[in-house]
Amino acid sequence: MAMLEFDNVEVFYGKVQALRGLSLKVEEGEIVALLGNNGAGKTTTLSTASALMNPQSGTVTFNGADISKGKPWDVVAAGLIHVPEGRRIFSTLSVHENLLLGGYLVKDRGLIQKRLKHVYELLPLLDERKAQQGGTLSGGEQQMLAIGRALIAGPKMLMLDEPSMGLAPLIVAQVMRVISDIRDEGTTVLLVEQNARAALKVTDRAYVIEEGATTLEGNAKDMIADPRIIDAYLGA
Amino acid sequence: MSPVLEVRDLEIAFGGVKAVDGLSFTANAKEIIAVIGPNGAGKTSAFNCITGFYKPTGGSVLLNGADITGKRPADIAHEGVSRTFQNLRLFHDMTVLDNVRAGMHLYGGQNFLDAIFHTPRFKRSEAHYTEEAHYWLDFVGYRGRRGVPIRNLSYGQQKQVEIARALARKAELLLLDEPAAGLNHSEKQSLLELVRRIRDLGTAVVLIEHDMGLVMEVSERIVVMNFGKEIADGTPAEVKANPAVIEAYLGKDDEDEEVPAHGDA
Amino acid sequence: MNFRKRTIGMLGIATAVLLATSACSGGLLGGGGDTGSDSGPIKIGMIVPTSGSSAPTGASMANGAKMAVDEINKAGGVLNGRMLELQIADGACDAQQAVASANKLVSSGVVISVGGYCSGATLPTLPIFNKAGVPMIIPAANSQDLVKEGLKNVFLINGTGLQQSTAALTFIKKQGYKSVALVDDNTSYSVDITTETKKQIEADGAAKVVLKTSVNAGESDYSSVVRDIMGSNADLLYWTGYYQEGGLIIDQLKKAGYTGDIMVADGSADPTLATIAGAAAEGVYATMTPTPNTIKGAEGWIADYKKAYGEDPKPYSTQSYDAVRLAAAAIKAAGNTKTDDVIAALEGIKDFKAFSGPLSFTKEHTLASGGFVILVMKDGDFQLFDDLQ
Amino acid sequence: MTIDNSTESIHTVEAEAKKRGFGAWLSSIFENKYIGLVALGIALLMPFLIATPYALNIMTTAAIFVVLAAGLNIVVGYCGLLDLGYIAFLAVGAYTAGIISKAFQLPVLFTLPAVVIMCILAGLIIGAPTLRLRSDYLAIVTLGFGEITRITANNLTITGGPSGIFGIPGFLVIGDIDFQNPVIFYYLTVIIVAGLVLAAARLGRSRLGRAWKFVKEDEDAAEAMGIHTYKVKLLAYIFGAVWGGFGGMLFASHLTAISPMSFVFLQSALVLMAVVLGGMGNMKGVVLGALAISLLPEFLRDFSSYRYLLFGILLVVVMVFRPQGFWPPKGAEAERTKAQRELAAMANGLKK
Amino acid sequence: MDQATQVIWDGLFVGSFYALIALGYSMVYGIIKLLNFAHGDIYMVGAFIGYAILTSLGGSFQSLGLFALIVVMMVSMLLTGTIGVIVEKLAYQPLRGAPRLAVLITAVGASFALEYGVAAIASPNPRGFPVRLDGDFVLVLGARVTLPQIILMLIAGVLMFALDLYIRRTSTGRAMRSISLDMKGSLLMGVNVNKVISRTFFIGSALAGAAGVMAGAYYGKIDFLMGFIIGLKAFTAAVIGGIGNIRGAMLGGLVLGLVESIGSQLVGGQWRDAFAFAVLILFLTLRPTGILGERVTERV
């Protein structure tokens with residue numbers, strides 16, 4: 001059984017259809033990339049998975065449970081954590097408070113402390129800036145904070161939306177390294193990227209979305225070489 | 001004859017961080033200039049300085065030789081500058097035609113008394129607005145419905161409407177902020193052709209764009225920015241060959257695949 | 001198509017409005033006031049506030065009027081057994097509402113009006129009743145402005161601000177107060193009294209006005225005015241607003257250690273003043289027309305009132321009671337309900353037995369004798385202190 | 001020259017298209033006008049059905065309320081500026097009309113120029129320093145101005161203090177026709193109101209009206225199109241003020257007495273409610289909203305002390321089921337046939 | 001000099017009431033950007049609930065004085081809090097995502113319903129509050145200060161301090177702040193936004209209810225329209241402080257109290273409110289975000 005599964009999902013923004021019968025699967029332990037152009041439906045896919053939007057038709061299941069009519073907090077409680085596009089750091093809250101919010105649904109204080117310690121080890125720069133307001137961090141630091149915040153929630157699966165956006169190449173590389181580390185610790189990852197090559201380097205499998213539906217699916221290594229990718233996605 | 005747009009040592013800082021730090025370039029009539037650079041390089045900030053949304057902290061912007069630095073956006077629009085926005089800034093509850101009519105605000109041709117009494121002058125000017133709106137929608141190749149609110153349109157159509165609105169201003173200088181973002185391959189091709197037709201109207205076009213293929217193909221000159229600084233300015237061929245550009249823009253060592261610098265340009 | 005539906009909807013709404021309005025007024029084409037009819041019940045109109053902050057007073061006035069109507073009807077009505085019919089309309093102490101109500105009463109064919117509490121809301125109703133030929137006996141509102149226009153149909157049965165000020169001055173001189181603070185609530189009625197009192201005190205010269213200021217109604221904290229009064233070292237405060245704020249000011253003033261005396265005008269001469277101010281209200285004087293509590297032999301009346309409405313009568317219950325009785329008397333005297341005859345009858349009234357004493361009108365249609373007396377608060381209720389005779 | 005010729009030729013084509021008359025565009029325009037006329041017709045017929053002073057009074061009051069709602073709709077509905085002190089303009093208009101007409105014993109109509117000037121001034125005074133504020137702050141500042149206006153009226157001698165001004169002369173007398181007669185005054189009010197509503201609706205469909213809507217939707221984008229957002233907002237304020245002033249003039253004339261009690265915050269809230277309830281930005285909806293808000297409490301009069309309770313509950317219920325108001329702006333515009341578009345394109349081609 | 005300290009003390013005292021009510025305005029605004037016009041009426045309802053409890057208990061409670069009052073205040077807080085939540089559920093929640101002005105109308109509607117609902121149940125007559133806090137004053141630096149005043153200000157201070165701690169230290173408090181910054185972001189943290197909004201209404205309404213009971217006990221009079229003007233004042237105070245900002249609301253309340261007090265001294269009672277609003281307008285034109293409000297940088 002796939003961990004996250006979309007089956008023929010249709011989503012509308014008002015009258016505009018964003019997803020047109022999208023289907024995909026992410027197996028436990030995998031790291032999967034979701035590629036596509038601006039406006040192709042990548043972010044909508046993640047928003048649907050995290051129940052920010054509910055589909056008109058089709059089903060979304062996470063660990064076998066139907067979440068297509070669920071609420072965002074139920075999805076978070078189930079362990080599916082979404083790191084949104086643009087990071088959405090709470091700007092006037094401190095770094096520490098941002099992290100604590102990640103553990104909003106975790107009732108066990110000891111567990112939160114343990115995870116905090118782990119995140120501060122994994123991302124030491126956050127430890128240094130603990131008391132600083134989130135809004136004062138640089139773009140890369142904010143991205144790390146967003147990922148750290150998601151880890152406090154204890155994700156079974158992490159969905160990252162364009163983590164490399166607006167970051168200098170060196171920082172992008174760092175972020176990608178952190179993502180690999182997270183996967184190595186056993187967390188399933190769904191990665192949305194516009195930057196196809198960077199994404200394909202760290203992922204196992206990939207889907208290409210065009211106009212609200214998946215048009216290509218395959219092994220990351222094959223896809224790098226697939227000319228159709230260039231065609232469909234890079235628009236040669 | 002002075003260039004349509006001349007940017008000299010432009011600078012803008014936000015809380016000590018210089019988003020644009022010494023940008024200089026010119027754009028002439030019937031010329032297409034591209035401003036490129038990685039995300040966060042300061043391109044949009046530069047656009048906002050030129051169009052008056054930000055007050056530059058240094059340097060100057062000249063339009064046809066006249067200093068327009070630090071004027072209000074509306075005044076700069078009056079001077080003859082038109083623009084589009086990075087994330088579509090259309091009037092969503094209004095119709096396609098009304099959105100294009102926004103670009104014609106400066107045409108005038110009627111006052112409030114005309115409007116209240118529906119004078120012939122008013123009717124003439126409204127008819128004129130409508131003709132123009134249809135004309136520019138046709139010009140950008142918009143084929144959708146025109147009496148419906150913007151929110152019913154697809155992304156590509158909205159992009160077209162935004163360009164039509166900017167064109168309706170009949171400005172001497174047109175700034176396009178990422179016009180190709182979100183477009184599919186064929187839409188990009190028509191955009192390319194559209195930008196050329198706009199240039200042929202006699203307009204100076206400056207565009208920010210990520211799609212290298214399009215940039216290399218359409219632009220006469222390219223200005224490259226990184227971390228607020230201008231690192232190169234030249235023809236597409238010159239820029240492509242510039243090692244500083246390759247290093248800063250595409251990343252060091254094996255990060256060169258970061259941004260697809262493909263294409264045949 | 002959508003548009004069609006809307007059109008139909010719109011027409012539907014319009015029709016509904018139409019039907020509802022015509023149902024309300026009950027008349028097609030020119031169903032104007034029919035003041036002159038000489039059979040069926042005699043309609044008496046009364047505008048009092050039944051919503052807004054003065055609603056309690058409005059209710060007590062309505063009760064007083066109802067009581068009089070019941071009594072008269074029980075005794076066989078007037079003009080050969082025609083019954084009185086009381087129509088009460090909300091004035092909300094708001095000009096616009098009062099005008100709407102006045103028109104409503106005129107439309108329903110009232111022949112005489114016995115309402116009017118807030119002067120500000122009563123003023124704009126004058127021309128409406130005037131034009132419709134409806135005589136007005138105004139029981140409570142007493143601003144000078146009401147009679148300034150010299151309208152023939154307007155009669156005040158409450159002492160005017162001027163008369164009340166005269167009473168206040170008499171009392172001030174009698175008690176020997178030297179410095180007086182005047183505080184109003186910035187409404188027309190209240191400012192009328194402070195302005196007149198100030199004029200009279202200054203003309204007389206026996207005392208000095210050390211403070212004249214206003215407060216805003218509807219608040220709880222009046223520490224600012226308390227400070228002003230304390231600072232003015234007045235030995236008498238004369239409050240001319242209503243009891244709601246009056247009670248608060250008196251309480252707060254006493255808490256701040258004020259040792260001077262306090263007097264209130266008729267708008268505050270209500271036992272509720274003591275409910276609000278508590279012990280602080282003890283010993284507060286009031287300029288007021290006589291009320292059942294202060295009149296010997298009115299105990300029976302009070303008992304009847306209590307029995308009928310389950311509460312004590314308020315000051316203006318009697319005024320409205322008298323207004324209805326006066327109206328009936330005038331109609332009886334006129335022999336019909338024609339405007340001019342009723343007005344003439346009212347002008348001819350001599351020593352009508354009202355609670356406030358024998359009642360007759362001056363040329364200006366105000367009370368010939370204001371009949372103001374001084375009450376004092378004792379054990380939570382006002383009692384007669386000085387009849388100023 | 002070519003330009004004129006070409007547009008003219010298009011007009012002839014349009015005229016021909018009109019004769020065929022089944023296009024969505026033409027029919028919708030036709031129905032648009034139709035609906036306004038139906039409403040006006042009903043308003044004009046009402047006195048033939050019910051001519052009691054009470055009915056005439058509440059209908060006149062409702063009509064005056066419609067003008068206020070139309071004026072506020074310019075400010076809130078078109079331009080998106082939240083104004084919680086709109087009643088101040090009614091006060092300025094009413095007091096100007098009342099003071100001048102009483103002092104010089106002039107018919108109220110003759111105070112019109114003064115009313116308009118005073119309202120423009122009031123609009124400038126209130127608008128100029130505050131229009132740069134964000135909407136919520138603008139709301140409280142306008143509320144403050146509304147209260148200041150009322151308090152000032154309450155404390156000045158010229159405005160008659162708390163008693164206000166009474167005995168205001170009639171609206172106009174020509175020979176034997178006294179416009180103060182309730183029926184005549186009702187007709188006069190309806191005609192003036194209809195004119196003002198039409199004018200406001202037409203403004204909304206003009207260049208200025210579009211500019212207001214652009215500013216409401218996206219100030220930055222509007223600026224980029226060369227629209228001076230500040231000037232345009234100030235204009236919305238001034239137009240709103242003038243409409244309020246007309247309302248005030250009718251109000252003073254109708255009641256013949258005005259006092260500060262009529263200009264409390266609650267009144268501002270009621271006008272705003274009419275606009276939102278009807279459908280912000282759509283003049284027809286706003287008229288409907290104004291009628292509902294001004295007539296509903298009258299219909300609820302029989303519930304006496306419960307009427308505001310019912311009124312409150314009704315407001316909540318209506319908004320819960322129809323948050324965009326009864327009749328929001330439609331958003332769609334007439335489109336032309338392809339043939340017309342091609343012709344237009346040709347005409348433009350000629351011009352280039 | 002004496003007069004001056006008196007002016008300041010009076011201003012601060014009434015300001016602490018404004019502050020307590022302004023908090024509810026500010027919290028609700030911060031989270032759902034709603035000007036909750038019914039908030040002042042919750043204060044009124046609080047006073048009436050206190051009244052109802054005290055009168056139904058008869059005379060026995062009154063001798064207990066302050067302690068009894070605090071217990072009654074807590075019960076009233078619980079009930080007004082619940083009423084606040086119910087109002088939110090019925091009148092505001094169905095309109096989430098609707099145009100902001102639509103919600104404003106339901107707020108006015110709810111305000112009418114509360115006012116006239118109470119008038120219908122309890123009659124429109126003003127009531128004398130059964131328990132009164134009386135006490136002689138002492139002169140402190142020339143200002144008359146009474147024990148009840150100090151007690152009430154202490155209670156207000158404790159409530160505000162507790163709220164400040166709650167907002168700053170607890171996870172719900174953090175969630176409230178995060179929602180006011182970014183609703184969508186908060187959803188992704190697993191914050192049940194509906195629950196947190198309910199809780200915000202509960203706390204804001206409870207504080208207003210507490211203020212209502214306190215006002216009843218101190219001023220001695222309650223009536224069904226008592227919430228209207230103080231509601232407007234509290235709204236003004238919240239804006240002065242920087243709407244959406246908790247500490248700003250407290251500060252704004254005190255500042256408004258002072259401005260009014262000073263204004264009445266300078267320009268006379270009849271002009272006091274005009275003065276207060278003029279100061280407000282001047283202040284907002286100079287500093288559009290209020291005392292503690294965040295500066296909003298213009299973005300394109």
Checklist entry - Side chains of B/H92 and D/D218: is there a donor and an acceptor less than 3.5 Å apart? => result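 B/H92 vs D/D218: no donor-acceptor pair found between side chains.
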Next on the checklist: Set out, in order, the CA-CA distance, both residues' side-chain angles and the distance that settles side-chain contact (heavy atoms from CB on, under 4.5 Å) for D/K216 and B/F91, then state yes or no.
Outcome noted: CA-CA 9 Å; D/K216 175 187 174 187; B/F91 308 111; over 6 Å; no
Next on the checklist: Can you tell me which residue among D/R210, D/R202, D/R207 is in a salt bridge (charged side-chain N to carboxylate O under 4.0 Å, His left out) with B/E126?
Outcome noted: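 The salt bridge (charged side-chain N to carboxylate O under 4.0 Å, His left out) with B/E126 is passed solely by D/R210 among D/R210, D/R202, D/R207.
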Please determine, among [options], the option with the most heavy-atom pairs under 4.5 Å with chain D.
options                        : value
B/G109, B/A166, B/A74          : B/A74
B/H118, B/E79, B/R165, B/H78   : B/H118
B/A115, B/A168, B/A102, B/S125 : B/A102
B/D75, B/I76, B/T51            : B/D75
B/R169, B/M104, B/E162, B/R72  : B/R72
B/A171, B/G108, B/G103         : B/G108

Next on the checklist: Pair B/R83, D/E223 - check salt bridge (charged side-chain N to carboxylate O under 4.0 Å, His left out), show working.
Outcome noted: CA-CA 11 Å; B/R83 72 172 291 182; D/E223 275 277 339; over 6 Å; no
Next on the checklist: With a 4.5 angstrom heavy-atom cut-off, is it the side chain or the backbone of B/F117 that approaches chain D, or both, or neither?
Outcome noted: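 Contact with chain D is through the backbone of B/F117 alone.
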Next on the checklist: How close do B/F122 and D/S206 get, counting heavy atoms only, and between which atoms?
Outcome noted: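 Looks like CE1-CB, 3.7 Å.
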Next on the checklist: On a heavy-atom basis, which atom in B/H105 and which in D/A211 lie closest, and how many Å separate them?
Outcome noted: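 Closest approach of B/H105 to D/A211, heavy atoms only: CE1-CB, 3.6 Å.
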Checklist entry - According to the interplanar angle, ranging from 0 to 90°, do the rings of B/F112 and D/F239 count as parallel (below 30°), tilted (30 to 60°) or perpendicular (above 60°)? => result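 Aromatic pair B/F112/D/F239 classed perpendicular.
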Next on the checklist: Surrounding CE of D/M118 (heavy atoms of other residues, nucleotides or ligands, distance under 6.0 Å), is the total greater than 12?
Outcome noted: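 Atom CE in D/M118 is not crowded, with 12 or fewer foreign heavy atoms closer than 6.0 Å.
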